[in-house]
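For clarity, every value in this text was computed on a predicted model and none was experimentally measured. Residues take their numbers from the sequence shown, with the count starting at 1.
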Amino acid sequence: PTPDDVSFTSIKIATFSCACHWCGYLNAYREMAADESIDLVIGLGDWLYPTPYITSGGKCNRVPSGLCYNPCDGIGGTIEVPDIPTQICAGDVRDEMRHYHKILNTDVDARDLRAAKPMINIPDNHDIDDVQTNEFEPEILAWFEWVPTRYEVRDGNIFFPKLYRYGPLLDIVRLDTRNTGKDENPPSYLGKDQIDFLETEVFGPGNITGGWRIMCTSQVFMPWTI
């Protein structure tokens, strides 16, 4: 819907996070893809787990034979593993991360979810190996290549926060609380750019619609009483 579409009166949203394809089955993805009542899926972090969790009880149930290994000894390292293109480990981190995304997309449920539903995704520490989300780091570039989401470029940098407006009914605000601002002095949970974005583009004059507002992050950044 467009921001002024008053005919848009309801929405059903599904969320997920931290789904490790090395450790089991992505059954929830299959259920979300098949549920015709779901209008939007929001991934709240860790769509991708680059390193196989075999030592943590992973069984590689859905990872194709020959790919259930870690082709690199950490980011940028190399070890010999059958059927794995070891050239991706020769210092090209972006290609290494692309390789892990390709493995995830061999899973039929992950592919079906991407095809069936519009998605908003947020990176967390496993997705991007704790790098700044507002810089053109290799992990970030690979993530945006492979993960269904949108971003802007402002002043030559990736601008991660985004406002999605679903008519006057709902605003969805996507923020990064994992990396942006951590290198500022003093460190900031949201970072100056995201605080400015909230103050001007989300809560600024003329931007309050009177509808629902959902703040989407990979970590809680406000009081939550249960």
Side-chain angles (χ1 to χ4, degrees), residues 13-23 26 28-29 40-53 56 70 72 74-76 93-94 96-101 103-105 110 113-114 119-164 171-203 213-224 226:
I13 301 172
T15 66
F16 71 90
S17 66
C18 306
C20 179
H21 60 292
W22 302 100
C23 298
L26 301 179
Y29 290 2
L40 175 69
V41 175
I42 300 177
L44 296 173
D46 291 340
W47 166 265
L48 177 73
Y49 279 74
T51 303
Y53 273 53
S56 301
N70 183 6
C72 305
I75 298 295
V93 176
R94 188 175 180 182
E96 181 182 341
M97 298 302 287
R98 285 167 169 163
H99 178 73
Y100 293 128
H101 281 285
I103 294 175
L104 171 57
N105 280 279
L113 178 60
R114 293 166 59 109
M119 298 181 69
I120 297 173
N121 276 286
I122 299 168
D124 204 8
N125 58 318
H126 291 285
D127 293 293
I128 55 176
D129 196 41
D130 287 322
V131 298
Q132 286 285 88
T133 53
N134 63 343
E135 297 177 356
F136 285 98
E137 296 285 353
E139 294 95 332
I140 293 295
L141 293 172
W143 192 84
F144 279 118
E145 286 176 357
W146 283 87
V147 178
T149 197
R150 300 177 182 177
Y151 71 95
E152 300 176 49
V153 176
R154 298 189 185 183
D155 299 323
N157 288 319
I158 291 175
F159 188 74
F160 183 78
K162 189 168 181 64
L163 171 63
Y164 300 83
D171 288 347
I172 297 177
V173 183
R174 183 189 69 188
L175 298 170
D176 170 49
T177 52
R178 172 64 71 171
N179 297 281
T180 301
K182 71 177 184 180
D183 290 336
E184 293 183 2
N185 186 18
S188 169
Y189 199 50
L190 290 173
K192 182 181 183 303
D193 288 344
Q194 290 195 126
I195 292 174
D196 290 344
F197 164 77
L198 289 172
E199 291 179 344
T200 59
E201 299 181 42
V202 177
F203 297 109
R213 181 158 284 168
I214 298 177
M215 313 294 284
C216 297
T217 71
S218 61
Q219 296 174 300
V220 176
F221 73 99
M222 62 183 68
W224 184 18
I226 299 178

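- Nearest heavy-atom pair, Cys216 versus Ile172, reported as atom, atom and distance to 0.1 Å: SG-CG2, 3.6 Å.
- A donor-acceptor pair is defined here as one N or O able to donate and one able to accept, closer than 3.5 Å; such a pair exists between the side chain of Asn121 and the backbone of Pro148.
- Among all heavy-atom pairs drawn from Tyr189 and Thr177, the shortest one is CE1-O, 3.6 Å.
- Aromatic ring centres of Trp146 and Tyr100 lie farther apart than the 6.0 Å criterion allows.
- Across all their heavy atoms, Trp47 and Ala110 have their closest contact at CH2-O, 4.2 Å.
- Side-chain contact between Ile140 and Phe144 is present, with at least one heavy-atom pair separated by less than 4.5 Å.
- Side chains of Asn105 and Arg114 form a contact here, defined as non-hydrogen atoms less than 4.5 Å apart.
- Using a 4.5 Å heavy-atom cutoff, the side chains of Ile120 and Lys162 are not in contact.
- Here the CZ-CD distance, from Arg174 to Gln194, works out to 9.5 Å after rounding to the nearest 0.5 Å.
- Between Pro123 and Ser218 the shortest heavy-atom distance is O-OG, 4.1 Å.
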Pair Ile13-Ile42, side chain to side chain contact (heavy atoms under 4.5 Å, CB included): steps then yes or no: CA-CA 7 Å; Ile13 301 172; Ile42 300 177; 3.7 Å; yes
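- Taking the side chain as every heavy atom from C-beta outward, Met97 and Leu141 never approach each other to under 4.5 Å.
- For the pair Phe16 and Met119, the minimum side-chain heavy-atom distance is below 4.5 Å.
- Residues Tyr29 and Ala19 share a closest heavy-atom pair of OH-CB, 3.3 Å.
- Contact check for Leu104 versus Tyr49: no side-chain heavy atoms found under the 4.5 Å cut-off.
- Among Asp124, Thr217, Asp127, the single residue meeting the side-chain hydrogen bond (donor to acceptor under 3.5 Å, both in side chains) criterion with Arg178 is Asp124.
- The two residues Leu48 and His101 make their nearest non-hydrogen contact at CD2-NE2, 3.4 Å.
- Side-chain atoms of Ser17 and Asp46, non-hydrogen and from C-beta on, never get closer than 4.5 Å to each other.
- Side-chain contact between Phe160 and Asp193: absent, with no pair of heavy atoms (C-beta onward) separated by less than 4.5 Å.
- A salt bridge does not link Lys192 to Glu184: none of the charged side-chain nitrogens sits closer than 4.0 Å to a carboxylate oxygen.
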